[in-house]
Amino acid sequence: MRIVFQTFENYMGTGLVVSWFLISAVYLFYCEKRKSRRIIFVYMPLAVLLLFFNPLCSALFLRMAEDEIYYRILWLLPVLAGIAYTVCHIYSHTEGKRRMVFVFCAVAVIAFSGKFVYDSPYFSKAENSYHVPDSVVHICDAIVVPGREVMAAFPLEMVQYVRQYTALVCMPYGREVLTGFYNPLQAAMEEDTVDLAELLPMARAYKCHYLVFGAEQDFTEEPAGLGLEVFLETDGYTVYRDTAIELIVPQM
Amino acid sequence: MVQILILAVLTLAAPILAGQVLHGVLGGRKRNAVVFEWISGQIILWAGFLFVCVPMILAERDFRDVVVLFSGYMGAVAIFGVALRLRGIGRRDASFQENKEKDPVAVFLWICVIALIMVQMFSALTLVYADGDDAYYVAVSVSTESSNRMYAHLVYTGGPAAEMDVRHCLAPMPVWVAYLARVCGIRTVIMAKTVLPVVLILMSHAVYFLLGQRLFSDSGRKHALFMLVIQILVIFGGYSIYSAQNFLLVRTSQGKAILANIVLPFLLLLFLMLAEQMEEGKKPDFRLWIMVGLSMICGCLCSTQGTLLTCIFLMAAGICMAACFRRWNIFVWTTGCCLVPVGMLALYFMLS
C-alpha cells in the first residue's frame, strides 16, 4: 500500500490542483441535480479512486504492470473537466458584479495552484525543425552513406537523439546507458583522457566506423598512429574515422 | 506546401468524411457537428489501424503493406461515410434554436481561449522538451519508415532484434506516425516532433470543446468559460510530471499522451451523451456504444496499458450508470466493448 500512496502523492505533485478536483466533486455531490453529470463528475471518479486505493486491485494491477506506471489509473479522473465544470456551475449561481470577480479569482487561484509547464528546465528553444541538436544533425549528415548503415559511437549527451534523426546510423550502445546500464565502451568514451589502447579493441569489436569525441578530450596516444583519421570537426566535437573497419559504399 | 495539404487530408478531411457515419448522433445540436465528426472519424480510423497493423507486425510483413492496406481502409470508410450522409440528406434533422445574438463577454473569452491554444501550438513548433522516451517512440517511427520493417530492430542501437518486443508492438501508434510521414513525404522526425504535436494539441482541445458544448449547450458564455479554465489548467499543468495535461504539452505525439488527452476525454464525452439519453428516458443510440468500443480499441493502439485503463474506465462508468438508471443491459454493451481489449491482453500474455 505504501507504493499506492506514494504514487498518489507523486501524481498530486504540489497538490493543490488535485485537491481542487476533489473539492469540486464534493461540491457537485451536493449541488448538481442532474444524474448524468453526477455520474461523470462524482460517482465515476469515486469508483476510480476506490479501485486505485483498493489493495486487491492494486496488487493485481502491479502484478500485471510496472509500479512506475500505476499512476496512469489516475488519468481516468476527469480533473480538467471536473474543475472547469464546477467553476461554470458556481458562475451560473452567482449574479451581478460578483460573477466577474469570481471568474477572475477562480482563474488566478487555478493558475497559482499549478505550475507553468514551459518553466520546466527540460524545455529549450528548438535549434532546427527536427527538434534534435544541430550537432547531431551535422555529424549524422556527414557520416551517413546512402544505401547502408554505419556504426558510430557517440558521447552520452548525443546518444538519445541519433536514432531519432536517422535510422541509418547504428550505435554500439543506446539510450539504455542513460538509465543505468553499464557499457565499458561508453565509459571509456567519456574519460577526460581517453585510453585508446583500451577503447579501440572494444570499438572494433562493435565494428564502429566512426568515433565521436568532445573537442576538449585528450588521448593517451596519437589517434593517427592507431588508424584514426580526423573526419570532421563541428559544433565542439571531433569525428574520427577508424580506417581499420572497412566501409563499403554500395553502388546506387 | 503539398506535404501540408496531404497531412490536412489525412488528419482532417479523411476523418471528417469517415465521421459522417455518425451524422445525426448529436441530435438537434447541429452546430459544430463537424468537430464531433472529425474526432469520431479519427477514432474510427485509429481503430482500423490497429486491426491492420498488429497482424502485419506479428506476420513480420513489410511496412509498405500496412501503408497500402490502411490507405485502402481509410478510403473505403470515407466513401462509406459520404454515401451514408448522401442517403440521409433528404431527411430533416430536428431543428435547433441557436442564439444568434453575440455575447461580448463570450466573444472576449473565446478570443482568450483561441490565443492560449495558439500559444500551445506555437510552443510545440518552437520548443523542445528533452524527453528520454522519445528516444524509443520517435526512433521506432524513423526506423519503420526508413527500413520498411516494423519492430525488427533494436530501437536504441539499430541492431537486429533477437525477439519481438511484444509490449510495444501490440500498441503500434509510432507506426501510424511513420505512415503519416511516408504518405505526406515529410521526414519522420519532423512529423513526430514538430508537425504532429500541433495537430494533436488541436484535437485534444476539440474533444474538450465538444464536452463543454454538451455540458453548456444553453450558454455560449459558460462554454467559453469552461474552455478558458481548461486552457489555464493545461498551461499550468506542470505541477506534476505525471499529470495528463503535462503529457499533452511535453510528450504530445507519444501514444500515452494521446490516450490521456484524446481517447479518455472522448470516452468521457460518449458516456455523458449516453447518460443524458438515459436520463431523458430515451433508448441509448447504439452508434454511441459502437464508438465506445472503437475508442477502447484506440486505447489499445495508444499504449499496452491503455487496454487495462479503458477497461477500468468502462467498468467504473458502466457500474455507476447501471446503478443510477437501473438499466442492467448496460453490462451487455460494456462487455461487448471490452472484447477487443481483453483479446489484446490475452494476446500479450500469450506472446510474452
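Letters A, B, ... mirror the listed sequences (proteins, then strands); counts begin at 1.
Interface remark: B:Leu225 contributes backbone and side-chain atoms alike to the contact with chain A (heavy atom separation under 4.5 Å). Of the two parts of A:Thr166, the backbone and the side chain both hold a non-hydrogen atom closer than 4.5 Å to a non-hydrogen atom of chain B. Within the 4.5 angstrom heavy-atom criterion, only backbone atoms of A:Met12 (N, CA, C, O) approach chain B. The parts of A:Arg34 that come within reach of chain B are both its backbone and its side chain, each placing non-hydrogen atoms under 4.5 angstrom from that chain. Residue A:Val162: no heavy atom, backbone or side chain, is found under 4.5 Å from chain B. Contact annotation for B:Phe349: only side-chain heavy atoms (C-beta onward) come within less than 4.5 Å of a heavy atom of chain A. When heavy atoms are compared at a cutoff of 4.5 Å, A:Ile73 approaches chain B by way of both its backbone and its side chain. Neither the backbone nor the side chain of A:Pro45 comes within less than 4.5 Å of any heavy atom of chain B. For A:Thr14, the parts sitting under 4.5 Å from any heavy atom of chain B are the backbone and the side chain alike. The contact between A:Phe41 and chain B is made entirely by side chain atoms (from C-beta outward), counting heavy-atom distances below 4.5 Å. Within the 4.5 angstrom heavy-atom criterion, no atom of A:Phe112 approaches chain B. Only the side chain of A:Tyr71 has a heavy atom closer than 4.5 Å to any heavy atom of chain B.
Between B:Val250 and B:Asp131 the shortest side-chain heavy-atom distance does not fall below 4.5 Å.
Figure legend: cation-pi geometry between B:Arg187 and A:Tyr165, with NZ or CZ positioned under 6.0 Å from the six-membered ring centre and within 45° of its axis. A cation-pi arrangement is present between B:Arg251 and B:Phe247 under the rule of less than 6.0 angstrom and at most 45 degrees off the ring axis. A cation-pi arrangement is absent between B:Arg167 and B:Tyr348, since the terminal nitrogen or guanidinium carbon is not both under 6.0 Å from the aromatic centre and inside a 45° cone about the axis.
Interface check for chain B: of the options A:Gly13, A:Pro172, A:Cys57, A:Ala84, the most heavy-atom pairs under 4.5 Å are formed by A:Ala84. Of the listed residues (B:Ala317, B:Gly318, B:Ala316, B:Gly159), the greatest number of heavy-atom pairs within a distance under 4.5 Å of chain A belongs to B:Ala316. Contacts with chain A were tallied for B:Lys256, B:Met315, B:Gln277; B:Lys256 has the most, counting heavy-atom pairs under 4.5 Å. Options A:Gln164, A:Met171, A:Arg72 differ in how many heavy-atom pairs under 4.5 Å they form with chain B, and the most are formed by A:Gln164. With chain B as partner, the option from A:Val107, A:Ile69, A:Leu51 having the largest number of non-hydrogen pairs under 4.5 angstrom is A:Ile69. Counting heavy-atom pairs closer than 4.5 Å to chain B, the top residue among A:Gly114, A:Ser36, A:Gly174 is A:Ser36. The candidate from A:Leu76, A:Val87, A:Leu74, A:Ile83 with the greatest count of non-hydrogen atom pairs under 4.5 Å with chain B is A:Leu76. Across A:Cys88, A:Pro78, A:Ser120, the residue that shares the most heavy-atom pairs under 4.5 angstrom with chain B is A:Cys88.
In this structure, a donor-acceptor pair under 3.5 Å is absent between the side chains of A:Tyr118 and B:Gln120.
Of all heavy-atom pairs spanning B:Arg327 and B:Gly281, the tightest one is NH2-C, 3.9 Å. Here the closest heavy-atom approach between residue B:Phe236 and residue A:Phe116 is recorded as CD2-N, 3.7 Å.
Checked options B:Leu267, B:Leu264, B:Leu314; the residue passing with B:Ser295 is B:Leu267 (criterion: side-chain contact (heavy atoms from CB on, under 4.5 Å)).
A salt bridge links B:Arg182 to B:Glu145: at least one charged side-chain nitrogen sits closer than 4.0 Å to a carboxylate oxygen.
Counting only residues at least two apart or on different chains, the salt bridge (Lys or Arg N to Asp or Glu O under 4.0 Å) pairs with a member in residues 157-182 of chain A are A:Arg175-B:Asp133.
In this structure, the ring of B:Phe209 has its center no less than 6.0 angstrom from the ring center of B:Phe226.
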